[in-house]
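Taking it in order: structure first as structure tokens, then the write-up.
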Amino acid sequence: MSKQYKPSTPKGTRDFLPTVVQRRNYIFDTIKTVFEHYGYQPIETPAMENLETLTGKYGEEGDRLIFKILARGEKLNKALADFNQTNLTEEALRYDLTVPFARFVVQHQNDLAFPFRRYQIQPVWRADRPQKGRYREFFQCDADVIGTDSLRCEVEIVQMLDNVFTKLGLPVEIKINNRKLLTALAAYVGEADKLIPLTIAIDKLDKMPLDKVLADLDNQGFSAEAQTKLKTVLEAARDLTDSAALMDKMEQVFAGNADGEKGLEELRYVFSKVKTLGLETSKLRFDMSLARGLNYYTGAIFEVVPRTDEQVGSISGGGRYDDLTGVFGMPGMSGVGISFGADRIYDMLEARDGFPKNETAGTELLFVNFGETEADFCHELLGSIRKAGIRAELYPDASKMKKQMKYANDKQIKFVAMVGEDEMAADSVTLKNMESGEQELIGKNELISKLKML
RNA sequence: GUGGUUGUAGCUCAGUUGGUUAGAGCGCCUGGUUGUGGUCCAGGAGGUCGUCGGUUCGAACCCGAUCUUCCACCCCA
């Protein structure tokens with residue numbers, strides 16, 4: 001060992017310390033509880049999928065960001081020898097949870113009750129350059145219902161989003177649009193074949209002025225007439241902040257276009273049901289400039305942004321896909337889902353000091369270790385204390401008291417029990433409150449009731 | 001994938017006409033307190049200056065490559 005390897009996690013990945021994990025679990029648990037209240041059931045899928053399962057589902061950009069797993073052993077040697085690059089990798093880490101879910105549904109269709117509601121909280125991997133709030137490994141919390149095209153599912157998604165962010169104390173705006181409107185828009189301006197570049201360009205409108213976006217489209221070969229038409233529509237979309245007014249406006253624009261009329265009808269349905277049912281803290285807004293990159297979406301699309309001054313990325317997104325299972329041999333399964341970005345929600349909550357206090361699951365009581373016989377006495381007590389639901393531990397070594405007390409202090413353990421010769425003789429313990437510094441002698445049978453009172 | 005940026009002790013950071021043994025605060029360890037932490041006092045450990053290579057009599061400092069960090073683009077949770 002000549003050189004010391006300096007330890008670090010791979011680029012864009014992180015370790016999580018205990019307090020961070022506890023806070024992350026708070027987010028996961030909140031989301032999970034809401035999902036379960038709506039009848040969603042948990043599933044898990046492998047970290048890796050066959051490369052074929054993933055490629056072609058996320059668009060050109062997405063394919064590039066798939067984390068591929070290099071072939072090993074003979075296969076690798078053979079592929080290298082043949083210069084056959086396509087065989088260099090057969091597997092890849094999952095890029096999201098939706099496509100693996102589609103694969104899952106097709107594979108297990110006979111074991112599932114449709115419409116099938118599942119939720120899934122697992123890490124996904126993307127091979128892009130990390131920056132703030134953006135990692136190569138991050139967790140997604142997805143809920144999807146597949147096997148129905150009922151718009152009530154969209155309504156429930158809005159409700160779930162509202163429930164989760166209300167519980168988390170994070171006021172949000174839920175932006176909603178419909179891919180059918182984007183299809184209609186492309187047709188309306190006479191560029192029906194350029195739907196994808198159009199959606200990508202429109203998606204930039206919240207970051208870029210309209211003229212720049214139009215200039216982008218000019219480069220993509222959009223006609224001058226298309227650009228003028230787009231400008232009119234998108235300006236209206238930008239200036240009409242009232243969703244109802246914007247829908248009325250789009251009604252005029254898309255009159256006679258089947259996709260446009262259908263999209264608006266869907267939107268109006270969701271809005272009217274949400275209005276009747278009511279939202280706690282969230283705002284729902286129709287946003288024509290919401291497009292979303294993933295090109296499997298066909299109906300409603302959602303994105304959630306915090307209602308704060310800072311400009312941050314979306315913390316949740318989703319939409320309806322009509323035929324994601326089709327490529328796996330099961331056509332006609334419509335589904336709709338939502339995905340929460342736990343890492344970004346974490347960053348948001350941390351910035352606003354929004355985690356609950358006293359939510360730690362740390363040790364409540366530490367027994368100081370004075371030696372073998374004293375430790376035996378404490379160890380016996382621990383059984384009933386733990387059964388009573390108190391988180392307690394015995395310091396494993398008979399180290400110096402100062403060291404043991406410091407350990408309790410560092411771990412923010414609220415109570416320390418000291419049992420030496422005197423206490424053992426009196427069949428009791430000295431209980432010290434680490435916050436006040438007070439301590440008292442307590443009979444061992446009263447210890448549990450005493451602790452429960454405090 | 002493109003452009004830029006960062007990297008010195010466990011952490012946050014000082015450290016230029018390149019020149020002897022590289023510093024601070026916090027943290028850590030030991031003692032003051034043989035059964036008492038968080039405060040205080042005294043002492044101590046810890047760095048081949050991200051890595052590799054080059055320029056130079058001499059490099060933390062200049063140059064190149066590479067890795068990492070952060071930022072913009074692309075895209076996205």
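Just so it is clear: chains get the letters A, B, ... in the order the sequence lines come, proteins before strands, and each one is counted from 1. Every heavy atom of this structure was used, including side-chain atoms; hydrogens, water molecules and symmetry mates were not.
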In whole Å, what is the span from the [atom1] atom of [X] to the [atom2] atom of [N]?
{"X": "A:Leu17", "N": "B:rG10", "atom1": "CG", "atom2": "P", "answer": "16 Å"}
{"X": "A:Ile301", "N": "B:rC76", "atom1": "CD1", "atom2": "P", "answer": "11 Å"}
{"X": "A:Arg136", "N": "B:rU68", "atom1": "CZ", "atom2": "C1'", "answer": "11 Å"}
{"X": "A:Ile413", "N": "B:rG37", "atom1": "CD1", "atom2": "P", "answer": "15 Å"}
{"X": "A:Asp128", "N": "B:rC70", "atom1": "CG", "atom2": "C1'", "answer": "14 Å"}
{"X": "A:Glu438", "N": "B:rG38", "atom1": "CD", "atom2": "P", "answer": "19 Å"}
{"X": "A:Asn433", "N": "B:rU36", "atom1": "CG", "atom2": "P", "answer": "18 Å"}
{"X": "A:Asp216", "N": "B:rC73", "atom1": "CG", "atom2": "C1'", "answer": "11 Å"}

Between the base of [N] and the side chain of [X], is there a donor-acceptor distance below 3.5 Å?
{"X": "A:Arg129", "N": "B:rU2", "value": "yes"}
{"X": "A:Asn409", "N": "B:rG38", "value": "no"}
{"X": "A:Gln439", "N": "B:rU36", "value": "yes"}
{"X": "A:Gln412", "N": "B:rG37", "value": "no"}

[X] and [Y]: which non-hydrogen atoms are nearest, and at how many Å?
{"X": "A:Leu217", "Y": "A:Pro197", "result": "CD2-O, 4.1 Å"}
{"X": "A:Ala226", "Y": "A:Val189", "result": "CB-O, 3.3 Å"}
{"X": "A:Met434", "Y": "A:Asn409", "result": "CE-N, 4.2 Å"}

Would you say [X] reaches [N]'s phosphate, i.e. side-chain N/O to OP1/OP2 under 4.0 Å?
{"X": "A:Lys11", "N": "B:rU68", "answer": "yes"}
{"X": "A:Lys400", "N": "B:rG31", "answer": "yes"}
{"X": "A:Lys432", "N": "B:rG35", "answer": "no"}

Can you tell me how far [atom1] in [N] sits from the matching atom in [M], rounded to whole Å?
{"N": "B:rG3", "M": "B:rG18", "atom1": "P", "result": "30 Å"}
{"N": "B:rU56", "M": "B:rC61", "atom1": "C1'", "result": "13 Å"}
{"N": "B:rU66", "M": "B:rA9", "atom1": "P", "result": "24 Å"}
{"N": "B:rU39", "M": "B:rC28", "atom1": "P", "result": "9 Å"}
{"N": "B:rA72", "M": "B:rG10", "atom1": "P", "result": "30 Å"}
{"N": "B:rG7", "M": "B:rG44", "atom1": "C1'", "result": "29 Å"}
{"N": "B:rG4", "M": "B:rC26", "atom1": "C1'", "result": "33 Å"}
{"N": "B:rC62", "M": "B:rG19", "atom1": "P", "result": "12 Å"}

Residue among A:Gln120, A:Arg320, A:Arg118 satisfying side chain to side chain donor-acceptor pair (under 3.5 Å) with A:Asp144 =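 Only match with A:Asp144 under side chain to side chain donor-acceptor pair (under 3.5 Å): A:Arg118.
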
What is the nucleic acid contact for [X], judged by heavy atoms within less than 4.0 Å: base, sugar-phosphate only, or nothing?
{"X": "A:Phe370", "value": "base"}
{"X": "A:Gly371", "value": "nothing"}
{"X": "A:Tyr135", "value": "base"}
{"X": "A:Gly437", "value": "base"}
{"X": "A:Gly420", "value": "base"}
{"X": "A:Lys204", "value": "sugar-phosphate"}
{"X": "A:Glu60", "value": "nothing"}
{"X": "A:Gln404", "value": "nothing"}

Given that both distances must come in under 3.5 Å, which nucleotide forms a Watson-Crick or G-U wobble pair with [N]?
{"N": "B:rA45", "value": "none"}
{"N": "B:rU34", "value": "none"}
{"N": "B:rA60", "value": "none"}
{"N": "B:rA24", "value": "B:rU12"}

Salt bridge flag under 4.0 Å for residues A:Glu266 and A:Arg179 =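 Salt bridge absent between A:Glu266 and A:Arg179.
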
Which residue lies toward the 5' end of RNA chain B, A:Leu65 or A:Met401, if each is placed at its nearest nucleotide?
->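 The residue mapped nearer the 5' terminus is A:Met401.
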
Quick check, are the ring centers of [X] and [Y] under 6.0 angstrom apart?
{"X": "A:Phe271", "Y": "A:Phe286", "value": "no"}
{"X": "A:Phe377", "Y": "A:Phe367", "value": "no"}
{"X": "A:Phe16", "Y": "A:Phe139", "value": "no"}

A:Tyr407 over B:rG37, stacked by centroid distance under 5.5 Å, angle under 30° |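 Given the distance and angle limits, no, they do not stack.
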
Nearest-nucleotide pick for [X], side chain only, options being [options]:
{"X": "A:Lys402", "options": "B:rA72, B:rA77, B:rG37", "result": "B:rG37"}
{"X": "A:Arg344", "options": "B:rA77, B:rC73, B:rC28", "result": "B:rA77"}
{"X": "A:Thr430", "options": "B:rA72, B:rG35, B:rC76", "result": "B:rG35"}
{"X": "A:Pro130", "options": "B:rU69, B:rC76, B:rG37", "result": "B:rU69"}

Does some side-chain heavy atom of A:Gln159 sit less than 4.5 Å from a side-chain heavy atom of A:Asp162?
->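 No, side chains not in contact.
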
